[in-house]
Number of protein chains: 2
Amino acid sequence: MIASGGLEALSLREVARRLGISHQAPYKHFSSRDHLLAEVIRRCLKDFADALRSSAFDEAGQPRTAEDAMRTLGFVYLDYAARHPLQYRLMFGTPWPAVAHDIGLAEDARAAFDVLRARLNAIRKRDDHTLDLDAMFVWSSIHGIASVVESEAMRHLNFSEDKAREAVLHAVRMIDRIVFEDRHA
Amino acid sequence: MIASGGLEALSLREVARRLGISHQAPYKHFSSRDHLLAEVIRRCLKDFADALRSSAFDEAGQPRTAEDAMRTLGFVYLDYAARHPLQYRLMFGTPWPAVAHDIGLAEDARAAFDVLRARLNAIRKRDDHTLDLDAMFVWSSIHGIASVVESEAMRHLNFSEDKAREAVLHAVRMIDRIVFEDRHA
DNA sequence: CCGATCGAGTTGACACTGTCAACCACGCAT
DNA sequence: ATGCGTGGTTGACAGTGTCAACTCGATCGG
């Protein structure tokens with residue numbers, strides 16, 4: 001339902017209708033529309049974190065090197081955002097419903113962020129206090145790319161399909177340079 | 001209204017009520033809620049582009065150097081997003097209403113993007129075909145920072161107020177390095 | 001075995017929304 | 001003078017989230 005028509009198209013009554021139950025039945029399971037929404041977001045976050053974690057292994061199930069795992073993480077992140085635009089928007093694109101804080105949604109988000117932090121830590125020569133700062137930079141940059149792609153901003157800016165793809169690769173390369181530059185020094 | 005309660009809190013009827021007119025009067029000026037919303041977004045885009053352009057001059061009204069103008073652009077961008085979180089979210093955080101395309105909203109967005117592209121072009125030694133790609137990278141990165149700040153994600157991730165500020169500066173420094181690195185070479 | 005309890009579903013109502021339709025009043029140009 | 005567009009009105013309709021009260025069946029303690 002969210003897929004066809006955006007977030008506002010999610011209606012508890014329509015959900016109930018499609019399930020063939022009364023319009024109040026959902027309230028026996030979720031105390032409000034926002035609680036349902038928050039639970040949906042939680043599932044997205046868990047699924048997303050799983051996807052990120054899986055990037056530590058290659059197709060054959062063999063563990064990747066730390067460097068490879070880090071690079072793959074970025075691609076898996078962007079791939080996930082591209083493949084599941086609605087889930088991605090739910091998690092990071094729209095403000096969480098107010099009840100999200102009450103039911104501890106932030107912890108699930110932290111789990112996803114910790115994957116990135118751990119990967120980043122694994123490729124550092126020495127650990128100083130900038131790990132969190134670097135991780136935040138990488139995340140915000142990758143997130144920026146993902147949300148630009150997801151918002152179709154590039155189509156609005158008259159980027160061709162090819163140029164848009166090139167722009168994503170270009171941006172990833174820039175971040176790659178930052179992340180790995182002190183290793184080449 | 002959007003400020004207190006999010007986008008969904010914008011109701012044409014409530015608007016009319018506050019204006020002391022009938023619930024149908026707004027329809028004489030906007031053919032639908034989405035058209036009103038799109039027009040609001042257009043104003044935001046124009047105001048935003050103006051703010052970006054103004055960053056070419058310092059407090060005394062004197063033009064900045066190209067390098068200075070480029071750096072200031074980034075800070076003005078982040079400052080605008082921080083000061084006008086709702087406007088920013090409207091422009092770049094939530095999907096545009098469908099009618100946005102019909103009334104040519106994309107052109108206003110392009111005007112803002114063109115400011116960045118022009119600034120970036122002014123500091124390049126040689127112009128090749130990567131200007132758009134670089135501009136898109138800078139924009140997506142800055143946008144990533146802005147939306148992370150705006151979403152209060154850092155509070156959810158247990159970043160202290162100070163650490164969050166530091167993270168923003170850190171990220172800006174990283175982008176700065178990329179943007180200016182070939183000039184120092 | 002029986003009655004209480006509780007989970008899950010029901011119907012009905014209420015206030016709210018966006019939108020369509022019809023109707024009305026005024027200013028202005030032909 | 002007349003016609004018409006502009007901005008305003010009221011009334012209706014379908015759809016929404018949510019509160020309240022009711023029902024029904026299973027499950028469990030005595």
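Within every chain, numbering begins at 1; the chains are lettered A, B, ... in the order of the sequence lines, protein sequences first and strands thereafter.
Evaluation of the salt bridge (charged side-chain N to carboxylate O under 4.0 Å, His left out) rule for A:Arg155 yields A:Glu152 as partners, not counting sequence neighbours. For B:Ala111, there are no side-chain contact (heavy atoms from CB on, under 4.5 Å) partners at least two apart in sequence or on another chain. Listed by chain and number, the residues in a ring pair (Phe, Tyr, Trp, His ring centres under 6.0 Å) with B:His23 amount to none (sequence neighbours excluded). For A:Leu133, the side-chain contact (heavy atoms from CB on, under 4.5 Å) partners at least two apart in sequence or on another chain are B:Lys163, B:Glu166, B:Ala167, B:His170. Applying the side-chain contact (heavy atoms from CB on, under 4.5 Å) test to B:Ala118 and every residue at least two apart in sequence or in another chain returns nothing. For B:Tyr27, the side-chain contact (heavy atoms from CB on, under 4.5 Å) partners two or more places apart in sequence, or in a different chain, are B:Leu12, B:Gln24. Applying the salt bridge (charged side-chain N to carboxylate O under 4.0 Å, His left out) test to A:Asp58 and every residue at least two apart in sequence or in another chain returns nothing.
Between B:Trp139 and B:His143, the angle of the ring planes lies from 30° to 60°, which puts this pair in the tilted group.
For residues 134-150 of chain B, the set of pairs meeting the salt bridge (Lys or Arg N to Asp or Glu O under 4.0 Å) definition, not counting sequence neighbours, comprises B:Arg89-B:Glu150, B:Arg124-B:Asp134. Within the structure, salt bridge (Lys or Arg N to Asp or Glu O under 4.0 Å) pairs that include any residue of residues 19-34 of chain A do not occur (at least two apart or interchain).
As rounded to whole Å, 9 Å separates atom P of C:dC16 from atom CD of B:Glu14. Separating the CD atom of B:Glu8 from the C1' atom of D:dG15 is a distance of 15 Å, rounded to the nearest angstrom. We find that CG of A:Leu7 is positioned 15 Å from C1' of D:dG17, with the value rounded to whole Å. Counting to the nearest Å, the P atom of C:dG7 and the NE2 atom of A:His29 are 12 Å from each other.
Rounding to the nearest 0.5 Å gives a distance of 8.5 Å between CE of B:Met70 and CG of B:Asp176.
Side-chain nitrogen and oxygen atoms of B:Tyr27 include at least one within less than 4.0 Å of the OP1 or OP2 phosphate oxygen of C:dT19. OP1 and OP2 of C:dA15 both lie 4.0 Å or more from every side-chain N or O belonging to B:Arg17. Contact annotation: B:Ser11 reaches the phosphate of C:dG18 (side-chain N/O to OP1 or OP2, under 4.0 Å).
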N/O to N/O distances under 3.5 Å, protein versus nucleotides 9-12 of chain D:
from, atom 1, to, atom 2, distance (Å)
D:dT9, OP2, B:Ser22, N, 2.6
D:dT9, OP2, B:Ser22, OG, 2.7
D:dG11, O6, B:His23, NE2, 3.0

Show me the protein contacts with nucleotides 25-29 of chain C, counting only N or O atoms at under 3.5 Å.
none

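In the region residues 30-39 of chain B, proximity to DNA chain C at under 4.0 angstrom, judged on heavy atoms, holds for B:Ser32, B:Arg33.
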